[in-house]
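This structure is a prediction, so every number in the text was calculated from the model and none was measured. Chain letters run A, B, ... following the sequence lines, proteins first and then strands; every chain starts at 1.
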There are 2 protein chains.
Amino acid sequence: MEADPEPRWLEPDERETWMSLAALLMRLPGALDAQLQRDAALTHFEYLVLSGLSMAPERTMRMSDLAVAAEGSLPRLSQVVSRLEKRGWVRRFPDPADGRVTLAVLTDEGYAKVVAAAPGHVEAVRQLVFDPLTKPQRRQLREIARRIMGAVDPGGHCPPSA
Amino acid sequence: MEADPEPRWLEPDERETWMSLAALLMRLPGALDAQLQRDAALTHFEYLVLSGLSMAPERTMRMSDLAVAAEGSLPRLSQVVSRLEKRGWVRRFPDPADGRVTLAVLTDEGYAKVVAAAPGHVEAVRQLVFDPLTKPQRRQLREIARRIMGAVDPGGHCPPSA
DNA sequence: GACATTCTGTTGCAGCGTGAAGTGAATTCG
DNA sequence: CGAATTCACTTCACGCTGCAACAGAATGTC
């Protein structure tokens, strides 16, 4: 419990890197949420859910799969889908093939909503993330994010390099 | 409102980059919080506050400056400091020189707490962020994070390259 | 010197997320 | 078969965060 007088501290430049990344983790989600909230009255997570459904075959997904696709927990998804259902953008019904499973479908209104919200969101992502970077940096960022995700979620579905 | 039939969509590889980064934004904070919560019963933001104070002269800071240093809002900081005060790690008193200002001081117990929590946290940052990356990637990450922060917070204190 | 404005920090309220318990369906095993 | 376990999802209680309204202190203006 006290055997390491000097653990592996960060080098000064690593410390700077980490501070910048920490700042990014604190601020970027808020900035993204702000744009979606202002222009579409949508949370980033809500957007991910609608967007995920819109790209699925039949615009339908099992709740569990949708939770994984949106990088969120199942309870969180359950509540968010409840909200989206109240707003008429998603409907839920039990899977005929397995009574335990709930299937979520994007309604036409929901699809229209994603289509309306997407350009503004994409534009925000561009402005905040891609525009400030050089081409090589954009390429590096993909690899960097994948590798970090590999460490965060070892059983994940983001192959480090493939 | 509907003049752009084709806004600047993301290229396929940009889309992949963004999905990986989005996943990182969703998961990395949780992973960091989990370690601190488990090993030190501390939020990442609480840790940033204590850590910020521990590095300040006299281990003392104005609330506003502390909020900026920890990348959080003032109301958020106010409540967090209240909690930390109840736990005996921070004390608050009005600035004698300006009655509007509140000064926050790290107590000896608070300092001991940071010192105890730091190695585990640093180790987690290493494992999750730095270990998976190559040296050039670590260098790139600093520049990438700075540039994105420059776009997120134009008035920020993170010069793009200096 | 008195009033309005600005600055600093706190408080109240509403919304969101997490983790634990609860419900009901399907599977496994005796 | 029937009971226990596992699985998919929902619900509940709690804590945290952001925003807006608020209170107190300092500054500027006439």
* Asked: In whole Å, what is the span from the NZ atom of A:K86 to the C1' atom of C:dG15?
  -> 13 Å

* Short N-O contact, A:R76 and A:E71, less than 4.0 angstrom -> no

* To do: Please check if any side-chain donor atom of B:T134 sits under 3.5 Å from a side-chain acceptor atom of A:R147, or the reverse.
  => no

* For the pair made of CE in A:M26 and P in D:dG18, what is the distance, rounded to whole Å? -> 9 Å

* Within a radius of less than 6.0 Å around CZ of A:R83, do more than 12 heavy atoms belonging to other residues, nucleotides or ligands occur? -> yes

* Figure out the CD/P separation between A:E46 and C:dG15, and round it to whole Å. => 13 Å

* **A:R92 vs D:dT10: side-chain N/O to OP1/OP2 distance below 4.0 Å** => yes

* Asked: DNA chain C: B:L103 or B:Q79, which has the more 5' nearest nucleotide?
  -> B:L103

* Between atom CZ in A:R76 and atom P in D:dT10, what is the gap in whole Å? -> 16 Å

* To do: Determine yes or no for a side-chain-to-main-chain donor-acceptor pair under 3.5 angstrom, with B:S20 supplying the side chain and A:R142 the backbone.
  => no

* Structure fact -> Between CG of A:L74 and C1' of C:dG22 the distance, given in whole Å, is 14 Å

* **Separation of C:dG19 P from B:D33 CG (nearest whole Å)** => 10 Å

* Asked: Roughly, in whole Å, what's the span from CG in B:L84 to P in D:dC16?
  -> 11 Å

* Decide, yes or no, whether a salt bridge links B:R87 with B:E46 under the criterion of side-chain N to carboxylate O below 4.0 Å. => yes

* Using a cut-off of strictly less than 4.0 Å between a heavy atom of the residue and any atom of DNA chain C, enumerate the qualifying residues of residues 37-45 of chain B by number. => none

* Does B:T102 make a side-chain N or O approach to OP1 or OP2 of C:dT8 shorter than 4.0 Å? -> no

* Asked: Looking at A:Y111, is A:R59 sitting on its ring face, NZ or CZ under 6.0 Å from the six-membered ring centre and within 45 degrees of the normal?
  -> yes

* Using only side-chain N and O atoms of B:R83, determine if any of them is under 4.0 Å from OP1 or OP2 of D:dG15. => no

* Assess the side chains of B:Q37 and B:D33: does a donor N or O sit below 3.5 Å from an acceptor N or O? => no

* Asked: Tell me: CE of B:M63 to P of C:dC7, nearest whole Å?
  -> 19 Å

* Asked: Is there side-chain contact between A:M61 and A:L103, with heavy atoms separated by less than 4.5 Å?
  -> no

Listing time: all N or O pairs from protein to nucleotides 20-27 of chain D that are below 3.5 Å?
residue: D:dA25; atom: O3'; partner: B:G99; partner atom: N; Å: 3.4
residue: D:dA26; atom: OP1; partner: B:G99; partner atom: N; Å: 2.7

* Does some side-chain heavy atom of A:R146 sit less than 4.5 Å from a side-chain heavy atom of B:E16? -> yes

